[in-house]
Protein chains: 2
Amino acid sequence: MALATKKLPSAKLRSAAFKRVRADHSAELAGDYVEMIADLIDERGEARCTDIAMRLGVANATVVKTLKRLQTAGLITQEPYRAIFLTVEGWKMAEDGRRKHAIVEKFLLALGVSQETARIDSEGIEHHVSTETLRAMGKFLARNGG
Amino acid sequence: MALATKKLPSAKLRSAAFKRVRADHSAELAGDYVEMIADLIDERGEARCTDIAMRLGVANATVVKTLKRLQTAGLITQEPYRAIFLTVEGWKMAEDGRRKHAIVEKFLLALGVSQETARIDSEGIEHHVSTETLRAMGKFLARNGG
DNA sequence: TTGAAAGTTTAGCATAGGCTAAGTTATATG
DNA sequence: CATATAACTTAGCCTATGCTAAACTTTCAA
Ligand SMILES: [Mn+2]
Ligand SMILES: [Mn+2]
Ligand SMILES: [Mn+2]
Ligand SMILES: [Mn+2]
């Protein structure tokens, strides 16, 4: 191949990547919420607004507003002044999220980063990992101490 | 260790991860813009609004609005109806972004995913990779076909 | 040299996701 | 059982990031 003839992707192809990122981010908050609600239910029997706000590091009112959107989206159910429950669809999303999150976090550990860094970086990375990349991470884990 | 005594992080520690993700996302758009502007200047001599909009897959007016914020942030300069330039700070951010982005993309390739998937997934992942994880990816690349 | 096309800007709208402050309900304690 | 405290909700504000439609400027070609 002649000098400086590396093929560059078309604008169309490039935009596909950014569209994927924007789609990932649209789904991200819902994914983190349902995963956290599932954790709270498993760890302490119920998921409360305050606990979610604490763990996310946001104000209570922010959680309330987001929960309304999740309810509209059919992921949770709630009654005034009561704890929060996941719908069947919510549980499914939570478990898919947990599975993916766990693989990404273990993968980072196996790559050699600290527990702390794996925990923190995986919280963002998990939402941008395609099925193909997740499989590659899984294989790496199987080869190395998974 | 007794059964089911895996130590769970405190709410404070957990919230740190989400705060990092929110901070990453605040910086993300600016990072992608300056990197793209740098690419356009290198590839075709100038960065135009329309080209940015095409590559991002958003409307022209969206780009105009975002560029105003970048100008306020001191990353670009522009005059009405003219092409866009990067400030010294803008170039620095663009080059840091390129370096990180390239490592993440090559890392995914070395992990065994397709060119296409590496290109797409790295566009989101790059913004959530800490210095420590980036170093670990670099080491992996050095060991395998980097 | 003068229009038409291409590119840029402005105006106005929407939603997501943050916040604080104030009001409401439930719960625990004396 | 009364009330203080904790938890939840509502109202109202803000910024970021999308959009369309309309107006404006530059550029290119006839
Ligand atoms: Mn997450
Ligand atoms: Mn990038
Ligand atoms: Mn990116
Ligand atoms: Mn992200």
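The model shown is predicted, which means the values in this text are computed figures rather than measured ones. Because only heavy atoms are used, hydrogens play no part in the values below, and waters and symmetry mates are left out as well, while side chains stay in.
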Q | H128(B): partners by ring-ring contact (aromatic ring centres under 6.0 Å, His included), with sequence neighbours left out | A | H128(A), H25(B)
Q | salt bridge (charged side-chain N to carboxylate O under 4.0 Å, His left out) evaluation trace for D39(B) with R55(B) | A | CA-CA 11 Å; D39(B) 288 348; R55(B) 291 192 178 190; 5.1 Å; no
Q) For the hydrophobic clusters of this structure (ILVMFWY residues joined by side-chain heavy atoms under 4.5 Å, transitively), does one cluster hold both L29(B) and L40(B)? A) yes
Q. Roughly how many Å is it from CG in L67(B) to P in dG18(D), rounded to a whole number?
A. 12 Å
Using atom names, set out every protein N or O paired with an N or O of nucleotides 26-29 of chain C below 3.5 Å, distance rounded to 0.1 Å.
| unit_1 | atom_1 | unit_2 | atom_2 | d |
| --- | --- | --- | --- | --- |
| dA26(C) | O3' | R82(A) | NH2 | 3.4 |
| dT27(C) | OP1 | R82(A) | NH2 | 3.1 |

Q: For the pair S122(A) (side chain) and A118(A) (backbone), establish whether a donor and an acceptor sit closer than 3.5 Å, ignoring hydrogens and angles.
A: yes
Q | Atom of I103(A), atom of G138(A) and distance for their closest heavy-atom approach | A | CG2-N, 4.4 Å
Q: Please work out which residues in residues 24-32 of chain B have a non-hydrogen atom less than 4.0 Å from an atom of DNA chain D and list them by number.
A: L29(B)
(Q) If the condition is salt bridge (charged side-chain N to carboxylate O under 4.0 Å, His left out), which residues does R99(B) pass it with, not counting sequence neighbours? (A) D96(B)
Would you tabulate the nitrogen or oxygen pairs shorter than 3.5 Å linking the protein to nucleotides 19-21 of chain D?
| unit_1 | atom_1 | unit_2 | atom_2 | d |
| --- | --- | --- | --- | --- |
| dC19(D) | OP2 | A59(B) | N | 2.6 |
| dC19(D) | OP2 | T62(B) | OG1 | 2.8 |

Q. Rounded to whole angstroms, how far apart are CD on Q78(A) and P on dT25(C)?
A. 16 Å
(Q) Between R14(B) (side chain only) and P9(B) (backbone N and O only), is there a donor and an acceptor less than 3.5 Å apart? (A) yes
(Q) Would a single hydrophobic cluster contain both L111(B) and L108(A), if residues Ile, Leu, Val, Met, Phe, Trp and Tyr are joined by side-chain heavy-atom contacts under 4.5 Å? (A) yes
Q: Quick one: do L134(B) and F107(B) satisfy side chain to side chain contact (heavy atoms under 4.5 Å, CB included)? Show the steps, please.
A: CA-CA 9 Å; L134(B) 196 68; F107(B) 172 79; over 6 Å; no
Q.
Can you list, in residue-number order, the parts of residues 35-56 of chain B that come under 4.0 Å of DNA chain C, counting heavy atoms only?
A. R48(B), C49(B), T50(B)
Q: Identify whether the distance between the nearest side-chain nitrogen and carboxylate oxygen of E116(B) and R119(B) falls below 4.0 Å.
A: yes
Q. Do any N or O atoms from the side chain of K139(B) and from the backbone of G112(A) form a donor-acceptor pair under 3.5 angstrom?
A. no
Q) Within this structure, what is the CD-to-C1' distance between Q71(A) and dC8(D), rounded to whole angstrom? A) 14 Å
Q: Look at K68(A) and dT10(D) and indicate whether a side-chain polar atom (N or O) is within less than 4.0 Å of OP1 or OP2.
A: yes
Q: Say whether L75(A) and W91(A) are linked into one hydrophobic cluster, either directly or through other cluster members, by side-chain heavy-atom distances under 4.5 angstrom.
A: yes
Q. Of the non-hydrogen atoms in L141(A) and K106(A), which two are nearest, and what is the gap between them?
A. CD2-O, 3.7 Å
